[in-house]
Amino acid sequence: MASSSVALRHGLYRDSVTLMQISRTVGELAGVTASLVAMATPLNLDLLPRLGFEPVPGAGSDDLLVAIGADDDASLAAALARLDELFAAREVTTDAAAQPARTTRTALARSGANLVVISLPGPNALVESMDALHAGADVMLFSDNVSVEQEVALKEEAHRRGLLVMGPDCGTAIVGGVGLCFANVMRPGEVGLVAASGTGAQQVCALLDAAGVGVSAVLGTGGRDLSRAVGARSSLDAMAMLDKHEGTSLVVMISKPPPADVAERVAAAAGALTTPSVVGFLGRGRDDLTALTDKVLAALGRPALHPPEWIAPLPANFRGGAVRGLYSGGTLCDEAMVVTCDLLGPIHSNIPLDPSWALPASLTAPGHLMIDFGDDQLTQGRPHPMIDWTLRMERFEAEVADPTCGVLLLDVVLGYGSHRAPAGVLAPQVRVATENGVAVVVSLIGTSGDPQGLDSTALELQAAGASVYLSNAAAARAAAELAKGSA
């Protein structure tokens, strides 16, 4: 008999990345049908009825919300016990002297740290970010739903103080050799990367690693930084910082195409650096991330890269049909659409290249389509799809059952923060797809040092029947060629 528990843990705070990981771990337990472990913000409370739970009265945004559904009482009890274990593993000592600081500024004073990662609900992020800047620390702002006005105010304050704000909605950085949030394991090197895209930065890191090149730093800026309203404030400051960094001999800037005046400002600033630079604005008619990486290698005096590929035979009963892209990385999804639309025509999407190609709310349409499952509309109250594969796998199964789908294209992003064993989730589904005549093409974004194992992941997916590419652009082209050839 189904069983559920919805409760508040008053005054207990955990950052969103930690809660996403805990929610995923509990949700993967045997017998668990639904799991939501999150701060009790209005947005998360609104998710309760959609997940089949009753509303909770008296909740405040400082409370922790725990909602678990299970097949039976025993499964629910096991899930709650596991939840308690996960929280206990993170508890601090009761020694008053060792208690965590109650403010960001106090924490910085105690620790001597000069960088703060902030992962709070957007409306609460401004005060803590400003507090960190006033204490003399750079800020990596993981939070989304921060207003443009607040972003500009933070970045202006950072500039006045000679500091940097990475974000908001910044998910990837490497500073001092340490990967923050979603980041790959990179060897030390001479390339300093500034990126307005998390997965775009991870793709370049993966390709550089395959070429034997390391990084001095990866500084994210947040996807909105190069908008006209924000004016590339963090990108300009980050390039200037890397220009002064002794370990950086090449500064690389990547972003989706900004407005023309912002692009000119960034290009002019890059050209004025004393350190050589490469600027890549992605989009139709421009270099993809693999071609951009080749330019970086050429600037370093290295040969062009031939990214690794692990190609599986086409299913003997290949049925042909449309390409359906199921992406966790927005920039990777965008790049795949840019690459494929010239071969296939319109690609429908929730982040369309052309407004007329926008998907309806159902996220379904005839023909070719690609979905960014990391878009804010699909991550409200849920772990990011690089952590939780549930929505993507549900759609994967639905596409296999759709006779008009011939090719499934998706990214698998390795590194810190991502799912610890993605091949274990995907490989069984790949086997089912290929048995039903659907070709599967995987863009594998990872480095040789990533904890999931780059080669072992690729080989497991290849053995299941997927063709695996380290280059996302190459994966998209391969998928498009399969679909075009079957038309």
Side-chain angles (χ1 to χ4, degrees), residues 17 20-21 115 117 140 142 166-167 170-221 223 238 242 247-248 250 252-254 280 288-290 292-293 296-297 305 307-310 327-333 335 374 384-387 389 410-423 426 442-461 468-475:
V17 175
M20 283 191 291
Q21 294 171 334
L115 171 63
V117 179
M140 180 178 182
F142 185 81
M166 296 182 281
C170 176
T172 298
I174 301 175
V175 180
V178 178
L180 303 173
C181 297
F182 298 109
N184 300 100
V185 178
M186 290 292 293
R187 71 194 80 193
E190 57 189 319
V191 176
L193 182 60
V194 180
S197 160
T199 51
Q202 289 187 272
Q203 169 71 111
V204 172
C205 282
L207 296 170
L208 289 175
D209 181 75
V213 174
V215 298
S216 59
V218 176
L219 304 178
T221 67
L242 289 173
T248 300
L250 182 68
V252 179
M253 171 72 215
I254 62 173
D288 57 49
L289 290 166
T290 305
L292 173 64
T293 305
V296 172
L297 294 174
L305 173 68
E309 301 174 355
W310 299 263
Y327 273 86
S328 62
T331 296
L332 299 176
C333 183
E335 180 185 49
H384 192 278
M386 288 197 292
I387 297 173
W389 282 58
L410 66 163
D411 60 340
V412 175
V413 182
L414 307 182
Y416 297 126
S418 296
H419 194 287
R420 59 184 176 271
L426 183 56
V442 171
S443 165
L444 182 61
I445 310 300
T447 68
S448 55
D450 284 335
Q452 296 90 345
L454 177 66
D455 287 337
S456 60
T457 298
L459 291 172
E460 187 173 350
L461 293 174
V468 182
Y469 297 80
L470 192 68
S471 162
N472 182 60

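For T172, there are no side-chain hydrogen bond (donor to acceptor under 3.5 Å, both in side chains) partners, not counting sequence neighbours. Partners of A423 by side chain to side chain contact (heavy atoms under 4.5 Å, CB included), not counting sequence neighbours, listed by chain and number: T457, E460, L461. By the salt bridge (charged side-chain N to carboxylate O under 4.0 Å, His left out) test, D450 is found to be paired with no residue, residues two or more places apart in sequence or in another chain being considered. Residues passing the side-chain hydrogen bond (donor to acceptor under 3.5 Å, both in side chains) test with E190 are S249, sequence neighbours excluded. Not counting sequence neighbours, the partners of S328 by the side-chain hydrogen bond (donor to acceptor under 3.5 Å, both in side chains) test are D411. By the side chain to side chain contact (heavy atoms under 4.5 Å, CB included) test, A473 is found to be paired with D288, T290, E335, V339, S471, R477, residues two or more places apart in sequence or in another chain being considered. Under the side chain to side chain contact (heavy atoms under 4.5 Å, CB included) criterion, S197 pairs with T199, T331, sequence neighbours left out. Not counting sequence neighbours, the partners of F182 by the ring pair (Phe, Tyr, Trp, His ring centres under 6.0 Å) test are H384. Q203 is linked by a side-chain hydrogen bond (donor to acceptor under 3.5 Å, both in side chains) to nothing, counting only residues two or more places apart in sequence or in another chain.
Across V185 and T447, no two heavy atoms sit closer than the pair O-OG1, 2.7 Å.
If you run side-chain contact (heavy atoms from CB on, under 4.5 Å) between M166 and each of T221, L219, V194, V117, only L219 comes through.
Sequence neighbours left out, not one pair with a member in residues 186-208 passes ring pair (Phe, Tyr, Trp, His ring centres under 6.0 Å). Pairs passing the salt bridge (Lys or Arg N to Asp or Glu O under 4.0 Å) check and including a residue from residues 191-202, sequence neighbours excluded, do not occur.
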Please output the side-chain donor-acceptor pairs of residues 206-216 that fall under 3.5 Å, not counting sequence neighbours, one pair per line with the distance.
from: D209; atom 1: OD1; to: R187; atom 2: NH2; distance (Å): 3.0
from: D209; atom 1: OD2; to: S448; atom 2: N; distance (Å): 3.0
from: D209; atom 1: OD2; to: S448; atom 2: OG; distance (Å): 3.1
from: S216; atom 1: OG; to: V191; atom 2: O; distance (Å): 3.3
from: S216; atom 1: OG; to: T248; atom 2: OG1; distance (Å): 2.6

